[in-house]
Participant: 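This is the structure I have questions about; it appears just below.
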Amino acid sequence: MINKLYVNGCSWTDGDTLVVNGLFDALKINDNGKKYSYPKLLGDYYCFDVIDESRYGGSLNRIIRKTWRYIEKQVDLRETLFLIEVPNGIRDEIFCVDYGDYLNITPSDLDITDDIKKDNKYWNKYRKEIISHYEKFWKEEEFKFKEWINFISLIIYIKQYTPHVYLINYYEFLNVAPFVRLKDGLITEKNLIKIIHPTTKKFYHYIENMCSEEKLSIGDITGIIDTHPNLDGHKVLFEIIKTHLDQMEGVCDKKKINHERNNI
């Protein structure tokens with residue numbers, strides 16, 4: 001039976017964004033942002049243990065790596081529900097031997113010298129070398145093709161053990177990756193969480209589009225251009241995801257059992 005919720009994604013999921021982007025300052029909240037994010041709300045609703053490895057600015061390659069690291073530590077994957085928010089755009093990560101860990105790479109990172117989410121000492125030390133590496137050895141088409149292959153390979157592996165792997169923010173992946181087709185049955189409608197606003201019933205391709213149009217963004221509170229979900233945005237995402245998951249066999253059963261237990 002499912003008892004764990006594994007979540008990965010980028011800033012559209014990472015509750016730390018609420019703090020980093022100034023929302024908590026504006027609302028005078030002094031707390032951990034992940035406690036207010038939709039993964040935490042889902043965990044509370046289903047009584048799942050939450051493993052939230054989403055990261056502000058994180059890449060799909062990071063998600064693939066971290067998910068495999070999680071998988072290798074598990075005894076039974078049937079106990080885990082996997083929820084992946086697929087980052088759009090070009091992002092990457094690179095292992096720094098001196099640092100002993102990965103440095104996160106986004107297009108904006110290559111133009112700035114500071115990033116509060118990475119060790120500035122090592123980033124500043126190797127920034128020019130990293131830029132040179134991408135200029136000499138990187139091509140967008142080849143990068144994206146390899147990234148999609150690695151991601152679909154991860155999904156294939158997970159689905160050997162459990163059908164409970166769900167994607168949100170998937171539009172680019174599903175419509176750009178040349179070998180991903182719903183008709184093949186590898187990824188089905190059950191695996192795809194459509195971003196449909198619970199009140200307006202409008203469908204959105206990306207989380208940022210919904211947050212912007214429905215006034216659910218950090219920017220709507222701070223007055224600065226920022227389309228990441230605010231507190232209400234995370235609550236709406238929670239509603240969207242739970243509406244989908246409540247229809248899935250095994251997930252709805254777990255919710256019913258836990259809620260009955262809590263009401264004893």
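In this chain, residues are counted from 1 in sequence order. What's counted below: heavy atoms across the whole structure, side chains too, no hydrogens, waters or symmetry copies.
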Participant: Quick one: salt bridge (charged side-chain N to carboxylate O under 4.0 Å, His left out) partners of K235, sequence neighbours excluded?
Facilitator: none
Participant: Run through the side-chain heavy atoms of Ile, Leu, Val, Met, Phe, Trp and Tyr, join any pair under 4.5 Å, and report what else lands in Y36's cluster.
Facilitator: L18, V19, L23, F24, L27, I29, I218, I221, L231
Participant: Return the set of residues passing side-chain contact (heavy atoms from CB on, under 4.5 Å) with I196 (not counting sequence neighbours), or none when no residue passes.
Facilitator: K194, F203
Participant: Taking salt bridge (charged side-chain N to carboxylate O under 4.0 Å, His left out) as the definition, give me every residue that meets it alongside K66, ordered by chain and number, with sequence neighbours left out.
Facilitator: E53
Participant: Can a donor-acceptor pair be found between the side chains of N61 and S59 at a distance below 3.5 Å?
Facilitator: no
Participant: When Ile, Leu, Val, Met, Phe, Trp and Tyr are grouped by side-chain heavy atoms lying under 4.5 Å apart, directly or through other members, which residues fall in the same group as Y206?
Facilitator: Y171
Participant: Checking I193 now: which residues fulfil side-chain contact (heavy atoms from CB on, under 4.5 Å) with it, not counting sequence neighbours?
Facilitator: L83, Y166, I168, I240, I241, H244
Participant: Could I get the full list of salt bridge (charged side-chain N to carboxylate O under 4.0 Å, His left out) partners for D25, not counting sequence neighbours?
Facilitator: none
Participant: Could you work out, with ring-ring contact (aromatic ring centres under 6.0 Å, His included) as the rule, every residue matching Y126, not counting sequence neighbours?
Facilitator: none
Participant: Can you run down the salt bridge (charged side-chain N to carboxylate O under 4.0 Å, His left out) pairs that involve residues 154-175, sequence neighbours left out, and say none if there aren't any?
Facilitator: K144-E172
Participant: Evaluate the criterion ring pair (Phe, Tyr, Trp, His ring centres under 6.0 Å) for residue pair Y157 and Y161; output intermediate values, then yes/no.
Facilitator: CA-CA 7 Å; Y157 183 86; Y161 298 93; 5.3 Å; yes
Participant: For residues 71-86, which residue pairs pass the salt bridge (charged side-chain N to carboxylate O under 4.0 Å, His left out) check, not counting sequence neighbours?
Facilitator: K4-E79, R69-E72, D76-R78
Participant: Using 0.5 Å steps for rounding, measure from the NZ atom of K125 to the CG atom of L103.
Facilitator: 11.5 Å
Participant: Going by the salt bridge (charged side-chain N to carboxylate O under 4.0 Å, His left out) test, which pairs reach into residues 208-232, not counting sequence neighbours?
Facilitator: K202-E213
Participant: Return the set of residues passing salt bridge (charged side-chain N to carboxylate O under 4.0 Å, His left out) with R65 (not counting sequence neighbours), or none when no residue passes.
Facilitator: E93
Participant: Looking at C211, is its backbone amide N or carbonyl O close enough to the side chain of H197 to form a donor-acceptor pair, meaning the two atoms are under 3.5 Å apart?
Facilitator: no
